[in-house]
Amino acid sequence: MQKTLSTVALVLASYVLNAQSLEVNGLIKDSKGEPIPGVNILIKGTPNGAVSNPEGHFKVVVPYGSYALVYSFIGYKSLEQKVHVSAEF
């Protein structure tokens with residue numbers, strides 16, 4: 001039986017200088033609320049992504065547009081989360 005990743009999706013819009021993109025920050029936790037280090041976070045359809053740090057935090061630069069972030073980790077069921085990034089707030 002696979003465990004399920006739970007994410008605290010933080011689309012905290014911090015501008016990335018000199019680019020048409022935003023930095024998406026997040027925290028990955030298991031069902032008990034414990035952080036999960038080493039989770040792969042990929043922007044679906046691109047080679048871009050990140051890995052969560054020892055405290056479960058991650059940062060990934062996402063270009064403007066609509067994408068899916070895919071979270072995966074060995075022994076857990078993958079999770080896909082849709083995000084829309086724009087300059088408008």
Side-chain touch L22/V62, heavy atoms, less than 4.5 angstrom: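 Of all side-chain heavy-atom pairs linking V62 with L22, none is under 4.5 Å.
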Test item: N48 and L42 side chains (from C-beta on) under 4.5 Å apart, heavy atoms: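 No - every pair of side-chain heavy atoms lies 4.5 Å or more apart.
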Stepwise side chain to side chain contact (heavy atoms under 4.5 Å, CB included) test for I28 and F73: CA-CA 11 Å; I28 311 286; F73 189 68; over 6 Å; no
L69 with Y64, same ILVMFWY side-chain cluster at under 4.5 Å: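 Same cluster: L69 reaches Y64 through Ile, Leu, Val, Met, Phe, Trp or Tyr contacts under 4.5 Å.
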Shared hydrophobic cluster for L79 and V70 (ILVMFWY, side-chain gaps under 4.5 Å):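 Different clusters.
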Donor-acceptor contact present, side-chain S52 to main-chain I36, <3.5 Å: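 Yes, S52 side chain to I36 backbone: donor-acceptor pair under 3.5 Å.
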Evaluation steps, side chain to side chain contact (heavy atoms under 4.5 Å, CB included), between D30 and Y76: CA-CA 9 Å; D30 64 15; Y76 286 78; 4.0 Å; yes
Shortest non-hydrogen contact between I43 and P63, atoms and distance: CD1-CD, 4.4 Å
Minimum-distance pair of heavy atoms, taken over all atoms of E55 and L27: O-CD1, 3.4 Å
Partners passing side-chain contact (heavy atoms from CB on, under 4.5 Å) against S66 (at least two apart in sequence or in another chain): H84
Mind checking the [atom1]-[atom2] spacing from [X] to [Y]? Nearest 0.5 Å is all I need.
X	Y	atom1	atom2	answer
I74	N40	CD1	CG	8.5 Å
Y67	K82	OH	NZ	14.0 Å
K59	I41	NZ	CD1	13.0 Å

Note: E80-K44 ion pair, threshold 4.0 Å (strictly below):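 So E80 pairs with K44 through a salt bridge.
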